[in-house]
Amino acid sequence: MIVRGLGKIIEFLFPPACPVCGAPVSVHGELCADCFGCFEWIDSPKCERCGYPMVFDVGGASSCPVCARDEFYLEWLRSACRYDEMSRSVMLPFKHGGRIKYARFMARAMIWALRDRAADFDIVMPVPLARPRLIHRTYNQATLLARPIARAMEVPLDVDSVRRRHRPDMGHMTPRQRKENISGVFTVVRPERIRGRKILLVDDVYTSGATLSELRRVLQRAGAKSVCGVTFCRVVRTV
């Protein structure tokens, strides 16, 4: 009763507001209708494996050209929306500018993106952040997204089985440079937690796939049974 009463007081003092524009909403962490409509949410039709948005619904298990060539290296991936001007306007301040208030609606969107996938994994793992960058930023944005996802899926959160070496930021690198830059940065330090497990990786954005692919390689070498992923947004290019 006391906790419920405190909740009502807090809600009275700080009524629910859209985290993007501040308009009144019914639930904390919810987007208003106007802001919701500005995102390019990824829905069907999409590639069955990597979640790439398709132009036409061809029926059955659709595959994008990348997956048809077997050049996608996770078991599967889902993303909530396209990386565009709107998603960038929240993702970059969230990632670099301390706007952690965005985490709640971003995680909710990612849980929605997982709706066509059973919670068939044993561990939810945020992509690790190198220690110097974590000290500078004070938080790992992937962990802020992964925590509510793990809670909603009732799956353990693992934040310390893998460590990451510091490398230059990949924001303006080509796909080849990203692959070279990320090679060898991850180390599994608790393989007993990884062996035989089905792992869901969580990150903010899927760009070239270099980071998730390298992390998958290291986890599978440590004995992971399967590795899949979910991101808030993804870059959509002609494939």
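With Leu77 as reference, Leu212 is the one residue of Leu201, Leu212, Asp203 to meet the side-chain contact (heavy atoms from CB on, under 4.5 Å) rule.
With a 6.0 Å radius and a threshold of 12 heavy atoms from other residues, nucleotides or ligands, Glu154 has its CD atom at or below the threshold. The environment of Arg190 atom CZ is dense: over 12 non-hydrogen atoms of other residues, nucleotides or ligands sit within 6.0 angstrom. Counting non-hydrogen atoms of other residues, nucleotides and ligands closer than 6.0 Å to CZ of Arg137 gives a total above 12. For Leu134, the CG atom sits in a packed shell: over 12 heavy atoms of surrounding residues, nucleotides or ligands are nearer than 6.0 Å. Environment of NZ in Lys225: sparse, with no more than 12 heavy atoms of neighbouring residues, nucleotides or ligands closer than 6.0 Å.
Rounding to the nearest 0.5 Å places CG of Leu219 at 8.5 Å from CD1 of Ile123. Here CZ of Arg195 is found 11.0 Å from OG of Ser161. Values are rounded to the nearest 0.5 Å. Atom OG1 of residue Thr231 and atom CD1 of residue Ile42 lie 7.5 Å apart, to the nearest 0.5 angstrom. Once rounded to the nearest 0.5 Å, the distance linking CZ of Arg49 with CH2 of Trp76 reads 12.5 Å. Annotation: the span from Cys50 atom SG to Tyr206 atom OH amounts to 6.5 Å, rounded to 0.5 Å. Going from atom CG of Leu74 over to atom CD1 of Ile199 covers 11.0 Å, rounded to the nearest 0.5 Å.
No chain of hydrophobic side-chain contacts below 4.5 Å, direct or via other Ile, Leu, Val, Met, Phe, Trp or Tyr residues, connects Val205 to Phe72. Criterion: ILVMFWY side-chain heavy atoms under 4.5 Å apart, direct or through other members. Under it, Val155 and Val162 are not part of a common hydrophobic cluster. Val25 and Phe105 fall into different hydrophobic clusters, where Ile, Leu, Val, Met, Phe, Trp and Tyr side chains are chained together by heavy-atom contacts under 4.5 Å. Cluster membership check: Val185 does not share its hydrophobic cluster with Tyr73, using side-chain heavy-atom separations under 4.5 Å among Ile, Leu, Val, Met, Phe, Trp and Tyr. Val230 and Val235 fall within a single hydrophobic cluster, where Ile, Leu, Val, Met, Phe, Trp and Tyr side chains are chained together by heavy-atom contacts under 4.5 Å.
Here the shortest heavy-atom pairing between Arg78 and Glu48 reads NH2-O, 2.8 Å. Considering all non-hydrogen atoms of both residues, Lys46 and Gly51 come closest at CB-O, 3.7 Å. Nearest approach of Leu157 to Pro126, heavy atoms of both residues: CD1-CD, 3.8 Å. Across all their heavy atoms, Met153 and Ala119 have their closest contact at SD-CB, 4.0 Å. Nearest approach of Arg104 to His28, heavy atoms of both residues: NH1-CB, 2.8 Å. The two residues Ala152 and Ile111 make their nearest non-hydrogen contact at CB-CD1, 3.6 Å.
Remark: Asp120 engages Lys198 in a salt bridge (Lys or Arg N to Asp or Glu O under 4.0 Å) (not counting sequence neighbours).
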(request) Quick one: do Arg117 and Leu200 satisfy side chain to side chain contact (heavy atoms under 4.5 Å, CB included)? Show the steps, please. (result) CA-CA 11 Å; Arg117 287 287 175 177; Leu200 176 68; over 6 Å; no
- request: For side chain to side chain contact (heavy atoms under 4.5 Å, CB included), just list the numbers for Arg221 and Val188, CA-CA rounded to whole Å, side-chain angles, deciding distance to a tenth of an Å, and then say yes or no.
  value: CA-CA 9 Å; Arg221 191 173 61 187; Val188 176; over 6 Å; no
request  = Report the C-alpha distance between Val66 and Arg69 in whole Å, list the side-chain angles of each, state the deciding distance to 0.1 Å, and finish with yes or no for side chain to side chain contact (heavy atoms under 4.5 Å, CB included).
outcome  = CA-CA 5 Å; Val66 171; Arg69 296 192 300 266; 3.8 Å; yes
Apply side chain to side chain contact (heavy atoms under 4.5 Å, CB included) to the pair Met110 and Leu114, showing each step before the final yes or no. CA-CA 6 Å; Met110 293 162 73; Leu114 291 168; 5.8 Å; no
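Residues Arg164 and Asn140 fail the side-chain proximity criterion, which asks for heavy atoms closer than 4.5 Å. Side-chain atoms of Cys21 and Cys35, non-hydrogen and from C-beta on, do get closer than 4.5 Å to each other. With contacts defined as side-chain heavy-atom distances shorter than 4.5 Å, the pair Thr211/Phe186 qualifies. Here the side chains of Cys233 and Ser79 are not in contact, with every heavy-atom distance at 4.5 Å or above. By the 4.5 Å heavy-atom criterion applied to side chains, Phe232 and Tyr102 are not counted as neighbours. Arg165 is listed as a side-chain neighbour of Thr187, based on a closest heavy-atom distance under 4.5 Å.
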What pairs of donor and acceptor atoms, side-chain ones from residues 89-96 against any protein atom, are under 3.5 angstrom apart with sequence neighbours left out?
from: Ser89; atom 1: OG; to: Met86; atom 2: O; distance (Å): 2.6
from: Lys95; atom 1: NZ; to: Asp204; atom 2: OD2; distance (Å): 3.4

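At least one donor-acceptor pair closer than 3.5 Å links the side chain of Asp84 to the backbone N or O of Ser87. Proximity of a side-chain donor or acceptor of Glu214 to a complementary backbone N or O of Gly184 within less than 3.5 Å is detected. Not a single donor-acceptor pair under 3.5 Å links the side chain of Arg197 to the backbone N or O of Ile194. Here the side chain of Arg193 pairs no donor or acceptor atom with the backbone of Asp158 at under 3.5 angstrom.
The existence of a salt bridge linking Arg88 and Glu85 is excluded, since no basic side-chain nitrogen approaches an acidic carboxylate oxygen closer than 4.0 Å.
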